[in-house]
Amino acid sequence: MSSFWPEGLSVSDVRAPYEILEAAREEWETASNGVLTLVFQESEPNDGIETITVHAKHIPSNRTVTLFSVIHRQKEFYPVTIQPREKEKLPSILKKSYYQPGSEAIGVGFVAQLREGKTVTNKWVSDTPSEFTEKLTKAFNLSEVKAAVLNLTSSKGTKSTSVDDDKVAQE
């Protein structure tokens with residue numbers, strides 16, 4: 001018999017992205033014994049798009065670092081996307097993997113070829129709360145996020161503030 005119910009859709013889990021982020025904050029506080037928490041910075045809607053920037057805060061030093069952003073339409077929570085923070089320009093020796101292009105020879109009479117368009121898939125877009133929860137877990141496990149949290153917590157006694165600290169302090 002055919003099933004007409006959409007795959008992956010569960011009406012028993014109808015949480016908004018902010019509610020799921022609140023649950024993540026509680027888990028961070030519990031797992032870190034109150035040393036770390038998450039801070040959410042909501043921006044004013046721009047062209048019908050709302051952004052929640054997620055920061056990690058080291059409670060003892062009051063330092064923060066930006067982890068990623070969550071973006072959705074105003075008054076409509078799904079689809080929602082996670083926008084990871086920009087990767088820092090690390091030297092190749094500090095990367096787990098990287099691409100090293102080969103050299104190209106350009107001869108006399110070289111003719112440039114047009115590139116065809118291609119379909120780009122955004123792996124961070126979620127259509128349901130369960131899918132968002134799964135991708136949020138992956139976002140927290142990105143190497144950039146792990147490095148940011150380790151750098152945040154390893155600078156004990158440092159009183160300098162970062163640009164991220166100043167932004168969150170204004171909230």
Side-chain angles (χ1 to χ4, degrees), residues 5-90 94-98 118-155 161-171:
W5 188 254
E7 252 181 68
L9 184 64
S10 171
V11 292
S12 63
D13 183 10
V14 292
R15 297 176 296 166
Y18 198 86
E19 292 175 283
I20 295 170
L21 288 169
E22 286 288 344
R25 178 191 347 232
E26 290 176 20
E27 185 176 323
W28 270 59
E29 290 174 359
T30 302
S32 71
N33 294 320
V35 173
L36 291 170
T37 189
L38 296 176
V39 177
F40 309 127
Q41 182 180 13
E42 295 182 70
S43 67
E44 291 294 318
N46 185 14
D47 293 333
I49 302 295
E50 293 188 18
T51 302
I52 304 167
T53 305
V54 179
H55 307 275
K57 181 177 180 180
H58 184 245
I59 304 293
S61 68
N62 203 31
R63 294 176 61 235
T64 62
V65 66
T66 302
L67 302 179
F68 53 83
S69 297
V70 174
I71 303 164
H72 63 85
R73 291 179 290 187
Q74 189 175 5
K75 298 180 183 175
E76 293 184 28
F77 301 122
Y78 296 96
V80 61
T81 189
I82 298 170
Q83 183 176 7
R85 69 186 246 168
E86 293 292 321
K87 289 188 178 185
E88 296 175 25
K89 302 289 185 204
L90 289 175
L94 294 177
K95 296 178 183 177
K96 283 187 178 179
S97 65
Y98 62 94
K118 63 178 181 177
T119 302
V120 177
T121 302
N122 187 346
K123 66 180 182 178
W124 294 105
V125 175
S126 304
D127 293 322
T128 64
S130 60
E131 192 177 1
F132 176 63
T133 302
E134 177 185 320
K135 291 181 182 185
L136 185 61
T137 300
K138 289 179 181 178
F140 281 123
N141 281 295
L142 289 171
S143 60
E144 296 83 25
V145 171
K146 290 178 183 178
V149 172
L150 286 175
N151 288 330
L152 178 67
T153 58
S154 66
S155 300
T161 59
S162 67
V163 174
D164 289 343
D165 292 336
D166 296 337
K167 287 180 189 175
V168 176
Q170 293 173 1
E171 290 297 310

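Nothing here was measured: the structure is a model prediction, and the numbers come from that model.
- Contact of the L21 side chain with the L136 side chain is registered, since non-hydrogen atoms from C-beta on lie closer than 4.5 Å.
- Between atom CD1 of residue I52 and atom CD of residue E42 there is a gap of 5.0 Å, rounded to the nearest 0.5 Å.
- Under the side-chain hydrogen bond (donor to acceptor under 3.5 Å, both in side chains) criterion, D127 pairs with no residue, sequence neighbours left out.
- Here the shortest heavy-atom pairing between V80 and P17 reads CG2-CG, 4.0 Å.
- Of all the heavy atoms in E50 and P45, the pair that sits closest is CG-CG, 3.9 Å.
- Considering all non-hydrogen atoms of both residues, A56 and W28 come closest at CB-CZ3, 4.0 Å.
- The heavy-atom pair separating A148 from L67 by the smallest distance is CB-CD2, 4.2 Å.
- The backbone N or O of Y78 sits less than 3.5 Å from a side-chain atom of R73, completing a donor-acceptor pair.
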Check the pair H58 / L36 against side chain to side chain contact (heavy atoms under 4.5 Å, CB included), numbers first and verdict last. CA-CA 5 Å; H58 184 245; L36 291 170; 4.1 Å; yes
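- Scored by the side chain to side chain contact (heavy atoms under 4.5 Å, CB included) test, T81 finds I71, N122, W124, V125 as partners (sequence neighbours excluded).
- At a threshold of 4.5 Å between non-hydrogen side-chain atoms, the residues I20 and P129 count as touching.
- K123 contributes no side-chain N or O that, together with a main-chain N or O of K135, makes up a donor-acceptor pair within less than 3.5 Å.
- L38 CG to T64 OG1: the interatomic distance, rounded to the nearest 0.5 Å, is 11.5 Å.
- Across V65 and R85, no two heavy atoms sit closer than the pair CG2-NH1, 3.3 Å.
- Contact check for R15 versus D13: side-chain heavy atoms found under the 4.5 Å cut-off.
- Residue pairs meeting the salt bridge (Lys or Arg N to Asp or Glu O under 4.0 Å) criterion with at least one member in residues 23-38, sequence neighbours excluded: E22-R25.
- Judged by distance alone, with hydrogens and angles left aside, the side-chain atoms of R63 form a donor-acceptor pair with the main-chain N or O of L152 at under 3.5 Å.
- In this structure the side chain of F132 reaches within 4.5 angstrom of the side chain of I82, judged on heavy atoms.
- Annotation: side chain of F40 is not in contact with side chain of T53 (no heavy-atom distance under 4.5 Å).
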Under the criterion ring-ring contact (aromatic ring centres under 6.0 Å, His included), I'd like the reasoning laid out for Y18 against F77: C-alpha separation, chi angles, the key distance, then a yes or no. CA-CA 9 Å; Y18 198 86; F77 301 122; 9.5 Å; no
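- Within the 4.5 Å cutoff, no side-chain heavy atoms of F140 are placed close to those of V149.
- Atoms CD and OG, on Q83 and S69 in that order, are 5.5 Å from each other to the nearest 0.5 Å.
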